[in-house]
Amino acid sequence: MHITRRTALFGAVALATPFGSAFAADPIKIRISSPAVESDWHARMLTVFKDELAKTAPGEFDIEIHLNATLFKQGTEPAAMERGNLDMAMISAQDIAKIVPAWSVFTAGYLIRDTDHQQKVFRGAIGQEFYKMVSEKMGVHILDVGYLGTRQLDLRGTKKIKTPADLAGVKLRMPGSDAWLFLGKALGASPTPVAFGEIYTALQTGAIDGQDNPLPTDKAAKFYEVTNQIVLTSHLVDAIFLSISEKTWAKLSDAQKAKVQAAAAKAVEWNTTNRLKDEAELVAFFKEKGLEVYAPDVDVFRSTVQKAYLASDFAKDWPAGIVDRVNAVK
Ligand code: KDO
């Protein structure tokens, strides 16, 4: 064939198109930040998310997982996602409530009954309404709800705790936000703000008398090494919301969005299954480590905490009828 300038150019375009679109596109970088420790289930579920995307969308994403709050401090992730400085995080209702006060309803102790209730509330109509607020007011798209576990008290000392009155004067570490601190107060304790990464040392030195977290986290972060008892108050069926910055979300094609959404569902499912199994087995583990593990008068804790929330300033920001609607989800 006689090669003219025109055929040469045509050849170049014909070659450039398939290679340019299908092979040369840079993978989309997704940086995820969390304060979680490496062996905890919600930290590990991020690898499940990454591995799933490597299978369903090979070469399309470059997922970077940053644990132990090395990239962003605990609680600063939502603002970083809003600005587009961070792509993904697992955020709490307490983080969200700082910006969207209606969300404080989900920081209330003894509202969500169990994992099944949590999933039905957030994957149903209530979740849709509340996720929309987060998208509109925070520039964050919630992919799915994850079960962080049921929070229990983990204390130094041997004083038996039966009711909230027994917690008077106990310096209970809580994460540093109003909603968290209120939970500590509602339980009857003196709440003290400490970042997750500093709990171990604060317990060790006696700067705090205790902390609350789900049992799998107490194990993963080794809090049992520096505490003497676990009181099974089950005061908060806690959630983390696997989320992506709206700025990052907007960069994805519809097909990529579907793959990210499916990978998120797979990851949270994996987390929930493992965490529930662990929670059922861990009492024996802590007893073996020499801790006292016992149930207090949970009915008294429940009624005291529920009353405190209903009478709180937080409740003024709750949409009318929301508590009844949440309770009605079966
Ligand atoms: C904590 O600081 O106690 C907490 O459990 C709060 C959660 O919202 C979440 O931030 C969690 O820490 C971290 O992921 C560390 O496990």
Side-chain angles (χ1 to χ4, degrees), residues 32-47 49 65-81 86 88-99 103-104 106-109 112 118 122 134 140 142 144-155 171-184 187 189 191-203 208-224 226-227 230 233-243 267-268 271-272 274-275 278-279 282:
I32 314 178
S33 179
S34 172
V37 294
E38 208 176 329
S39 63
D40 211 342
W41 297 110
H42 59 310
R44 293 171 63 189
M45 87 175 185
L46 298 175
T47 302
F49 174 76
I65 301 168
H66 299 266
L67 301 176
N68 299 303
T70 45
L71 195 59
F72 284 93
K73 271 202 213 153
Q74 183 179 29
T76 62
E77 303 93 342
M81 281 195 284
L86 174 66
M88 283 183 67
M90 298 178 284
I91 60 177
S92 65
Q94 291 78 3
D95 291 334
I96 300 171
K98 283 191 243 171
I99 303 157
W103 263 81
S104 65
F106 296 117
T107 70
I112 298 292
Q118 182 180 69
F122 289 108
V134 174
V140 168
I142 295 179
D144 211 345
V145 60
Y147 175 56
L148 186 65
T150 301
R151 296 181 86 93
Q152 317 288 1
L153 297 177
D154 172 30
L155 307 174
K171 276 185 272 161
L172 182 67
R173 171 273 170 181
M174 302 301 290
S177 82
D178 290 350
W180 279 117
L181 295 170
F182 187 80
L183 178 61
L187 287 163
T192 310
V194 175
F196 183 83
E198 286 152 30
I199 299 176
Y200 187 97
T201 311
L203 285 168
I208 52 171
D209 301 317
Q211 63 92 28
D212 82 310
N213 254 295
L215 300 183
T217 299
D218 291 341
K219 182 184 179 202
K222 297 192 164 47
F223 296 147
Y224 59 87
V226 283
T227 50
I230 289 179
T233 42
S234 300
H235 52 273
L236 186 69
V237 176
D238 207 359
I240 31 162
F241 297 89
L242 186 57
S243 306
V268 296
N271 163 74
T272 302
N274 283 297
R275 202 172 274 281
D278 221 11
E279 283 185 320
L282 280 177

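In listed order, ligands and their atoms are each counted from 1. Side chains are part of it too, since the values below use all heavy atoms of this structure and drop only hydrogens, waters and symmetry mates.
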Could you tell me whether Gln94 approaches ligand 1 through its side chain, its backbone, both or neither, with non-hydrogen atoms closer than 4.0 Å?
-> neither
Of all the non-hydrogen atoms in the protein, which one sits nearest to atom 7 (C) of ligand 1, and at what distance?
-> Leu148 CD2, 3.7 Å
Determine, stepwise, if the pair Lys219 / Asp278 fulfils salt bridge (charged side-chain N to carboxylate O under 4.0 Å, His left out).
-> CA-CA 10 Å; Lys219 182 184 179 202; Asp278 221 11; 5.0 Å; no
Thr217 to ligand 1: N or O pair under 3.5 Å?
-> no
Nearest 0.5 Å, what's the CG-CD1 distance between Asp212 and Ile199?
-> 8.5 Å
Would you mind checking which non-hydrogen protein atom is closest to atom 1 (C) of ligand 1, with the distance to 0.1 Å?
-> Arg173 NH1, 3.4 Å
Any N/O pair Asp40/ligand 1 closer than 3.5 Å | no
How are the rings of Phe122 and Phe241 set to each other: parallel, tilted or perpendicular (split at 30° and 60°)?
-> perpendicular
Hey, what do you get for CG (Asp238) to CD (Gln94), rounding to the nearest 0.5 Å?
-> 5.5 Å
What part of Phe241, side chain from CB on, backbone N/CA/C/O, both or neither, has a heavy atom under 4.0 Å from ligand 1?
-> neither
Can you tell me which residue and heavy atom of the protein come closest to atom 8 (O) of ligand 1, and the distance to 0.1 Å?
-> Ser92 CB, 3.4 Å
Taking distance alone, with no angle check, do Asn213 and ligand 1 share an N/O pair under 3.5 Å?
-> yes
Should we say atom NZ of Lys73 is surrounded by more than 12 heavy atoms from elsewhere, each under 6.0 Å from it?
-> no
Partner of Asp40 under side chain to side chain contact (heavy atoms under 4.5 Å, CB included), chosen from Pro216, Pro35, Pro214, Ser34 = Pro216
Hey, is ligand 1 close enough to Arg151 that some N/O pair sits below 3.5 Å?
-> yes
Are Phe223 and Phe196 an aromatic pair by the rule of ring centers under 6.0 Å?
-> yes
Polar contact flag for His42 and ligand 1 (N/O pairs, less than 3.5 Å) = yes
Ligand-side contact atoms (ligand 1) for residue partner Pro175, heavy atom cut-off under 4.0 Å = 1 (C), 2 (O), 3 (O)
Region of Asp95 engaging ligand 1 - heavy atom pairs below 4.0 Å = neither
Closest approach of any protein heavy atom to atom 12 (O) of ligand 1, naming residue and atom = Gln74 NE2, 3.3 Å
Between Lys171 and Asp209, does at least one N-O distance fall below 4.0 Å, as a salt bridge requires?
-> no
Any side-chain heavy-atom pair from Thr217 and Arg151 closer than 4.5 angstrom?
-> no
Ligand 1 atoms nearer than 4.0 angstrom to some heavy atom of Trp180 are 6 (C), 8 (O)
